[in-house]
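Each residue takes its place number in the sequence, starting with 1.
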Amino acid sequence: MDARNEPSPVPQEAGDAVAKNALHLVTGQVILTVLSFFLSGALGRSLGPTDFGLYFFIISSTNFAYTIVDWGQSHVLIREIARRRHQTGVLLGSALALRCSGAVVVAGGSFLGLWLLGYDFTTRWYTALYIVIWIPSTVWMAYGMAFRAHERMDADAKVTVVNKALTLLFVLPALALGGRLFAVIVSIGAAGIGALAYTVALARRIRFPRPRFERHAIGELVATGAPLVSMNLLMMSQTYMEPLFLSMTAPTEVLGWYGAARTIANALVMPASIIASASFPRVARASGNPVELRREMATAMRPVVVLSGLVGAGTYAFAPAATAIVYGNEGFGGASTILQAIAPTLSLIFLNLVLATTVLVMGRAKSAAGLKVIALLLSAGLALWLVPLAQREYGNGALGLIIAFGVSEVFMLAAFLALMPKGILERRLLLDCARAMAAGIVALSCIRMLGTPASLPSIPLFLLAFGVTCVVTGLFSVREATTIIGTFLRRGRPTTETSGNGRG
């Protein structure tokens, strides 16, 4: 073989750096998840389902608004600073100018938009206030992107964790003193200011370039970020449309149940997100070679298939226990029902995350975006019928919303499979999905045989039943199971094959 066609070996130092950066991101995400559960549980218990529903709507509206404020910087800023580190100060400062001015504009736009949709003054005022009060947070997030571009994922992870810790530090006393939603919003703003102060101090300590803006750099960020805005808005639209539609067609209490269930479900999706992020570079490198791409897809899909069965069945079994632990039994019983309804859809989300990564690598983003629009229209059409029906029949309109969302995920799964190049996915994938489903059903049956509601002490039995069934059905062998257990028990060692990182 011609040596010129052989892939260049990855230096040990580069592999170690990538592994270390990935470790920082994963560790930070785990800490964030734990702290988020504490925060969400405290808010739910103190505010109650109705005010928690309003809080969830405000958060969803703010996240959607800041997709416009970001203007594709989450990709563009990292890429450009990584390429031109000597211009870090100019690019970062210009990004900050865009983000701060953009936040003020979208705050006014959100207030007007909610007024046109018929929302009351309190909802409009709190939403606009939250967007403005989030400005310090969007500033330290931009610093985090610059840290990543300089391969200082440790700094990015530190700032993110500090912000969440400060949020707990300010919000919990406010709730203990009898504060309601306004106090929560102000406390979150104070935490953002504290995190920004820490970010600036950290940047000085590591001698990070001081930000400054220039007109030509602002124009460059606007131009290069424009193509990404529509895609990001499309990706965020469903997470915003769901609470928006639910808030207009069901009681606020139901929106609170939905927000509680979604908070837990979003955390459960984290493993699939990490696998998709980690597999992206390897799939990208193999995209030009069908044989290698088939092998990389098999490597990425196998753990996702196993996790899809485990998480789907586990969510259904332990939803009541998880909801009671995080939010308490009083007022949030409907959330556990919603979480159980989400369980089958979680399995689909796991598969779609990895398949979407491959579709993007293969340059079929436009086709995927068009099909996503169809999925959104399908979901919205079904929700118009199912939400009022579920509210009327079961007193929980969110169940109809979850069914509509699940149908759209089935559609996207079929779409991703249709967009995949022929022969890239192994034929055994469908059989593996059936095996994972069977393992989940057996594990659920074992829990049901106990005759008592699923609780934390029954988790080992659930995991044992699932694992044994996987081995018996051939989803993975005893040797593979032993290897997996050994990997988690021993301390990880960075290798030249380790790659990928992602932001939670």
Side-chain angles (χ1 to χ4, degrees), residues 35-66 69 103-104 106-115 117-138 163-195 239-240 242-264 266 323 326-335 338 397-398:
L35 294 178
S36 295
F37 273 134
F38 275 112
L39 177 62
S40 183
L43 289 170
R45 291 169 183 264
S46 298
L47 298 178
T50 300
D51 280 354
F52 186 79
L54 178 56
Y55 168 78
F56 181 73
F57 177 77
I58 292 170
I59 293 293
S60 301
S61 301
T62 301
N63 288 337
F64 187 76
Y66 268 93
V69 174
V104 175
V106 298
S110 297
F111 186 92
L112 179 62
L114 292 175
W115 175 69
L117 290 173
Y119 283 87
D120 61 88
F121 178 79
T122 300
T123 302
R124 303 196 307 266
W125 157 243
Y126 279 176
T127 301
L129 174 64
Y130 196 92
I131 292 173
V132 172
I133 217 165
W134 192 254
I135 290 177
S137 295
T138 197
N163 175 72
K164 186 64 69 173
L166 288 175
T167 302
L168 279 170
L169 183 64
F170 288 126
V171 169
L172 294 183
L175 294 174
L177 293 173
R180 304 299 294 174
L181 191 53
F182 179 78
V184 170
I185 293 175
V186 173
S187 298
I188 292 174
I193 294 173
T239 59
Y240 177 58
E242 290 178 2
L244 179 68
F245 184 79
L246 198 60
S247 68
M248 299 174 68
T249 55
T252 310
E253 181 184 40
V254 175
L255 181 59
W257 297 343
Y258 175 79
R262 269 295 187 185
T263 300
I264 297 175
N266 290 342
T323 305
V326 178
Y327 297 100
N329 293 314
E330 185 177 353
F332 281 91
I338 297 170

Give, for atom [atom1] of [X] and atom [atom2] of [Y], the distance between the pair rounded to the nearest 0.5 Å.
X	Y	atom1	atom2	result
Phe52	Ile59	CZ	CD1	9.0 Å
Leu129	Thr62	CG	OG1	9.5 Å
Phe57	Leu246	CZ	CG	10.5 Å
Tyr327	Leu43	OH	CG	8.5 Å
Leu255	Ser60	CG	OG	7.5 Å

Pair Tyr119-Ser247, side-chain donor/acceptor within less than 3.5 Å: yes

Could you tell me which non-hydrogen atom of [X] sits nearest to which non-hydrogen atom of [Y], and how far apart they are?
X	Y	value
Ala107	Val132	CB-CG2, 3.7 Å
Ala335	Thr323	CB-CG2, 3.8 Å
Ala195	Leu166	N-CD1, 3.6 Å
Ile58	Thr127	CG1-OG1, 3.7 Å
Val254	Gly397	CG1-N, 3.9 Å

Report the relative orientation of the aromatic rings in Tyr130 and Trp134; use parallel for angles under 30°, tilted for 30 to 60°, perpendicular for over 60°. parallel

Given Phe56, which of Tyr258, Trp257, Tyr126 fulfils the ring-ring contact (aromatic ring centres under 6.0 Å, His included) condition? Tyr258

Results of ring-ring contact (aromatic ring centres under 6.0 Å, His included) for Phe111 - residues two or more places apart only: none

Who pairs with Phe64 by ring-ring contact (aromatic ring centres under 6.0 Å, His included), at least two apart in sequence or on another chain? Tyr240

Ile131 backbone acceptor or donor facing Tyr66 side chain under 3.5 Å: yes

Side-chain donor-acceptor pairs of residues 167-181 under 3.5 Å, sequence neighbours excluded:
from, atom 1, to, atom 2, distance (Å)
Thr167, OG1, Asn163, O, 2.8
Arg180, NH1, Ser46, O, 2.9
Arg180, NH2, Leu47, O, 3.0
Arg180, NH2, Asp51, OD2, 2.8

